[in-house]
Amino acid sequence: MGREFLEGNEAIARGAMKAECDFFAGYPITPASSILHYMLQLAPQIGGVAIQAEDEIASMGLCIAAAMAGRRAMTATSGPGISLYSESVGLAQIGETPMVIVNVQRQGPATGSATKGAEGDIQFTRWVTSGGLPIIALSPATVGESYELTYRAFNLAEQYRSPVFLLTSKEIGVTRESVDLDEIELPPLARRKLVEPGKTYLPHAFEHSKDVPAFSEFGGDHVARFTTSTHDQAGYLTSKPGVVQEMIDHYAAKIDTAADDMALVKEDRQDGAKTVIISYGITSRSAAVAVEQARSRGLKVSSLVLQTLWPTPERAVLSALDGVTRAVVPEMNMGQYLLEIERLAPPGVEVVGVNKMDTALISPAEILQAVEP
Amino acid sequence: MTADVVATEKLRCDALLRPGNTNCAGCGMSIGLQWMDHALEGEKPYMVIPACCGIVTAGAFPTSGYGVPIAASTFASAPAVATGVANINELNGDTSPVICWTGDGGTYDIGMATLSAAAERNEDLIYICYDNEIYGNTGGQRSSATPEGVVTSTTKQGKGEGKKDMMAIMAGHRIPYAATLSVAHREDFLRKVRTARQTSGFRFLLMLSPCPTGWKSEPDESVELIRSAVCSGLFPLYEVFDGVRYRINEQPDDTPVSEYISHQRRYTKVSAEATSLEAFIKQQWHYLNGMATAFPADKAT
């Protein structure tokens, strides 16, 4: 295609198509609506289906059903929509449903400023539904990364039979940048593991807790059971404590034990630096400028940009915190990922947030102030 | 004379929809809100508005604001929030009307469950849908109020499905009063709002609301568009009492429906769509005339 002038939301749709997404359902909401528009155009081109649902609850229901019928499904919304997705995300977790959920974050809570950006849904995503089980979330910082991480989100969804969030924001979603999507390196396309022909099928079968169960679609060769209630490996309802705990441990283990494999980070380490800036999303672009300016002034500063937010890329964070005395965490919220960095920081590392949620971007100058107070 | 001027100016200051709002030129909502205000003759309602143009185009201090108490609700919950207001008003002995002012997305689609529930409980509130047949606030996507054939940002080839019959759905709830409103028929509009005001229980008013931005029409033609929608028979003016007694307020004349659709660029295949709408109009009037004859509002049953 060569270089194109794309907005982040279009790059998400293109990334989904590259990942062979053949089912999309969404409900209009600023600033995510254009993903629905693009998918309505693009999905039919590969024999896929895109539907405008009557509300967000329906969007999730449509996607869960399509995914369980073997499709590669995606939906997109913004903060108020995620609130309505909440119950269904739990359903996708307990049903081990592979699907991608895009959140083009906007200023909240509630309607907030519908046309202004924020990064206010970071912990909301982590604890998005009842039960508190681990969740997977990726966060792009550019239009190109919107494409790449959407593609990778599908891979993770398929590999781990799990809903996967893409946490972008209004600033990335509706900003245009020049990008050549073909130049972006992508891993091979992952597909969910299917039950072997002739084998007995249990919808949630695992030998070891962390195993990802093989899949058989609705309407396929097996009777596929899918339930919102606690169930055993066969998908039969149960409330036997031992069995229920075994299943809960399984949902958690398949994600937690794979945290290192899912960790996507960009590290820019400077030898001798006593300060590291840990950032993600649109704010990481201000952080990059802040790092450049700090260095030009002779300051030593390292940077860690997180593309995987959940599960926390702990090894990468711990490595970045090794040897520093100060970690600066800028976010367009009131200090959400800061909690993770504080949790991981060894004694002697001061963790400092740069926080605001006033609809404006965090500037490099504001980050620099925290680097060199 | 001076006293009159002062009174007029005072009324303007106290308007329900104050000057300075950012409604698009030619928006039916602006007319609807003002006429509703006139019909209430100085009485101040409590208003509940969910996500829709009406909750963002007015209300940004200091440029504009509603001149009445107003609560924004989540998209799906306006009738539930209004129910809360109405119930507390009753406890407080406050007889001011409670009005839900919502778009078609909040009525026909996402808000359908709470609307149905409030109607089923016959809550004491007036529900007005300003139906512009589109998600005007989020970029012009189709709703289930969008007519067949119409091009929207999510139906580039024209919508394949027809419009939901919201009046029939509400009549099916056997609510005390349901009526359609036209911004080209002021006397009829005012009378119906007053009838709704004087009725207790759940009252539903459906207003076809021109949207030049979404309809790709000229703002100065908005009122004439609605007149041709009524006169061609596409948008009938009628009332339904207790869900079973019908009164037709205006019979169509010989205005062709093409006059309505040819002035809107959201209709792209005008002649084909006119043919299909003519069939729809015929069927609609067959039903309405039948109901009004068999179950007339003006004869005690």
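Note that this is a predicted model, so its numbers are computed, not measured. Below, each value reflects all heavy atoms present in this structure, side chains not excepted, and no hydrogens, waters or symmetry copies. Residue numbers begin at 1 in each chain, while the letters A, B, ... track the order of the sequences.
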Could you list every donor-acceptor pair linking chain A to chain B (distance under 3.5 Å, backbone and side chains)?
{"unit_1": "Y27(A)", "atom_1": "OH", "unit_2": "Y135(B)", "atom_2": "OH", "d": "2.7"}
{"unit_1": "H37(A)", "atom_1": "NE2", "unit_2": "Q141(B)", "atom_2": "NE2", "d": "2.8"}
{"unit_1": "H37(A)", "atom_1": "NE2", "unit_2": "S153(B)", "atom_2": "OG", "d": "3.4"}
{"unit_1": "Q52(A)", "atom_1": "OE1", "unit_2": "T154(B)", "atom_2": "OG1", "d": "2.5"}
{"unit_1": "Q52(A)", "atom_1": "NE2", "unit_2": "R142(B)", "atom_2": "O", "d": "2.5"}
{"unit_1": "E54(A)", "atom_1": "O", "unit_2": "I110(B)", "atom_2": "N", "d": "3.4"}

* **Short side-chain donor-acceptor distance under 3.5 Å, E331(A) and N333(A)** => yes

* **Between E177(A) and T142(A), a side-chain donor and acceptor under 3.5 Å** => no

* Measuring heavy-atom distances to chain B, does I29(A) have an atom under 4.5 Å in its side chain, in its backbone, in both, or in neither? ->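 Backbone only.
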
* **Structural part of L84(A) lying under 4.5 Å from a heavy atom of chain B** =>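 The answer is the side chain of L84(A).
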
* Option from L138(A), I82(A), V102(A), I122(A) for which side chain to side chain contact (heavy atoms under 4.5 Å, CB included) with L167(A) holds -> I122(A)

* Counting only N and O atoms by type, is there a donor-acceptor contact under 3.5 Å from the side chain of E171(A) to the main-chain atoms of I282(A)? ->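 No; judged by distance alone, with no hydrogens or angles, the pair does not exist.
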
* Output yes when a side-chain donor or acceptor of E4(A) lies under 3.5 Å from a complementary backbone atom of V179(A), and no otherwise. =>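 Judged by distance alone, no pair lies under 3.5 Å.
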
* Asked: Does NZ belonging to K356(A) count more than 12 external heavy atoms closer than 6.0 Å?
  ->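 More than 12 heavy atoms, drawn from other residues, nucleotides or ligands, come within 6.0 Å of this atom.
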
* Working to the nearest 0.5 Å, report the span between CG of L42(A) and CE of M39(A). =>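 With rounding to 0.5 Å, CG (L42(A)) is 6.5 Å from CE (M39(A)).
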
